[in-house]
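Side-chain atoms are counted along with the backbone in the values below, which use heavy atoms only and exclude waters and symmetry mates.
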Amino acid sequence: MKKINIAIDGTSSTGKSTLAKQIANKLNYIYIDSGAMYRCVTLFAIQNNWLNGSHFDKESLIESLPDIHLKFALNKEKNDQTIFLNGIAVEDEIRSMEVSNAVSRVAAVPEIRRAMVRLQHEFGKDKGVVMDGRDIGTVVFPNAELKLFLTCSPEVRAQRRYEEMQQKGISASFEQVLSNIKSRDHLDSSRADSPLIKASDALEINTENRSVNELLDHVLKLIAKKS
Ligand code: DC
């Protein structure tokens, strides 16, 4: 079967990463979590005290972009893929509420987007990549052979994210998670540069009433048709 690139977009916690990981495992594709890349840049800004409450020293962060090295690799301890920021596995740190609350501001900066998209192109140049995010089907891989746009209500998404965070021991109330999801939906969809929109040739799938396995089966059939 010919390898293709698969773009999965949608708001947060619609099930993009679960689906993308399963596709990657099943077909031996490379999974790239583009949201984790923006989260790492946000964490880097926080660590350097450039981002704190309403204070955001965008210029220092942009100047330091060449010092941010991102890599996806297996975290042997967790037997799961994780992102490494300058050689350090930061999967848990980038999922904190502090990072979640600040990431949309960082992801709205055009210079940062350009740097991330350059890296994402590099990851996808040999095909066989499944990438999830907000602008994958519209900006990163406009020629992806398969584009999916996942949807789901904010309440169900907040419940999923809340349970995920509880399992990981990250503290936050359901209300905080829901409010974060709603505010990110708004910021990510209304920003000037590469807002979250459905590509005209993307297939929209509501994940609310589908089991993970049903969704995977459905998508594997779509991939088989394209390969
Ligand atoms: O998928 P996620 O929730 O981990 O993404 C974190 C943030 O990164 C999200 O609020 C918007 C931003 N993002 C983006 O702007 N473009 C992408 N391709 C992926 C994520």
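Between M37 and I83 the shortest side-chain heavy-atom distance falls below 4.5 Å. The shortest distance between side-chain heavy atoms of R134 and S12 falls below 4.5 Å. Between I8 and V219 the shortest side-chain heavy-atom distance does not fall below 4.5 Å. Contact check for R113 versus Y38: side-chain heavy atoms found under the 4.5 Å cut-off. The closest side-chain heavy-atom distance from V177 to N180 is not below 4.5 Å. Residues T42 and I94 are not in side-chain contact: their nearest non-hydrogen atoms beyond the backbone lie 4.5 Å or more apart. Contact annotation: the side chain of Y29 approaches that of I4 to within less than 4.5 Å [non-hydrogen atoms, C-beta and beyond].
Atom CG of N52 has 12 or fewer heavy atoms from other residues, nucleotides or ligands within 6.0 Å. For NE2 of H186, the number of neighbouring non-hydrogen atoms (other residues, nucleotides, ligands) closer than 6.0 Å is 12 at most. Enclosure of atom CD in E98 is not indicated, since only 12 or fewer non-hydrogen atoms of other residues, nucleotides or ligands lie within 6.0 angstrom. In the displayed structure, K3 atom NZ is contacted under 6.0 Å by more than 12 heavy atoms of other residues, nucleotides or ligands.
Note that NZ of K198 is 7.5 Å distant from CG of L203, once rounded to the nearest 0.5 Å. Atoms CD and CD1, on E93 and I88 in that order, are 8.5 Å from each other to the nearest 0.5 Å.
No chain of hydrophobic side-chain contacts below 4.5 Å, direct or via other Ile, Leu, Val, Met, Phe, Trp or Tyr residues, connects L74 to V90. If you chain together hydrophobic residues whose side chains sit under 4.5 Å apart, L19 and L146 fall into the same group.
At least one donor-acceptor pair closer than 3.5 Å links the side chain of N86 to the backbone N or O of H69. The backbone N or O of F141 sits nowhere less than 3.5 Å from a side-chain atom of N5 that would complete a donor-acceptor pair. A donor-acceptor distance shorter than 3.5 angstrom exists from the side chain of Q81 to the backbone of Y31, with no hydrogens or angles considered. In this structure a side-chain-to-backbone donor-acceptor pair under 3.5 Å is present from K16 to G10. When atom types are taken as modelled, the side chain of S64 and the backbone of D67 share no donor-acceptor pair closer than 3.5 angstrom. A donor-acceptor distance shorter than 3.5 angstrom exists from the side chain of N48 to the backbone of F44, with no hydrogens or angles considered.
Summarising the geometry of I181 relative to S13, their closest heavy-atom pair is CD1-OG, 4.2 Å, with the distance given to 0.1 Å. Taking both residues in full, the closest heavy atoms of T14 and L150 are given as CG2-O, 3.7 Å, listed atom of the first, atom of the second, then distance. Taking all atoms of both residues into account, the shortest heavy-atom contact from I170 to D92 is CD1-O, 4.3 Å.
Every pair passing salt bridge (charged side-chain N to carboxylate O under 4.0 Å, His left out) that includes a residue from residues 17-31 is listed here, sequence neighbours excluded: K21-D80.
Ring geometry, F123 versus F72: the interplanar angle exceeds 60°, so the pair is classed perpendicular (tilted spans 30 to 60°).
A side-chain contact (heavy atoms from CB on, under 4.5 Å) with I136 holds for exactly one of S34, S194, P142; it is S34. None of R161, Q167, Q159, R160 except one satisfies the side-chain hydrogen bond (donor to acceptor under 3.5 Å, both in side chains) rule with E163; the exception is Q159. Screening V130, L222, L215, D132 against L148 for a side-chain contact (heavy atoms from CB on, under 4.5 Å) leaves a single residue, L222. When each of I68, V109, L85, V103 is checked for a side-chain contact (heavy atoms from CB on, under 4.5 Å) with V41, only I68 meets the rule. Here the options are R184, R95, R39, the test is side-chain hydrogen bond (donor to acceptor under 3.5 Å, both in side chains), and the partner is S100; only R39 passes.
Counted by atom type alone, R157 and T11 present one or more donor-acceptor pairs between their side chains at under 3.5 Å. Looking only at atom types and distance, the side chain of D188 has a donor-acceptor partner in the side chain of S104 under 3.5 Å away.
Contact check on K127 versus E145 returns a salt bridge, with a Lys/Arg side-chain nitrogen under 4.0 Å from an Asp/Glu carboxylate oxygen.
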Let's go through K226 and D201 carefully: what are the C-alpha distance in whole Å and the side-chain angles of both, what is the deciding distance for salt bridge (charged side-chain N to carboxylate O under 4.0 Å, His left out) to 0.1 Å, and is it a yes or a no? CA-CA 14 Å; K226 302 277 181 181; D201 51 350; over 6 Å; no

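Annotation: side-chain contact (heavy atoms from CB on, under 4.5 Å) contacts of T82 (sequence neighbours excluded): N75, F84, A89, E91.
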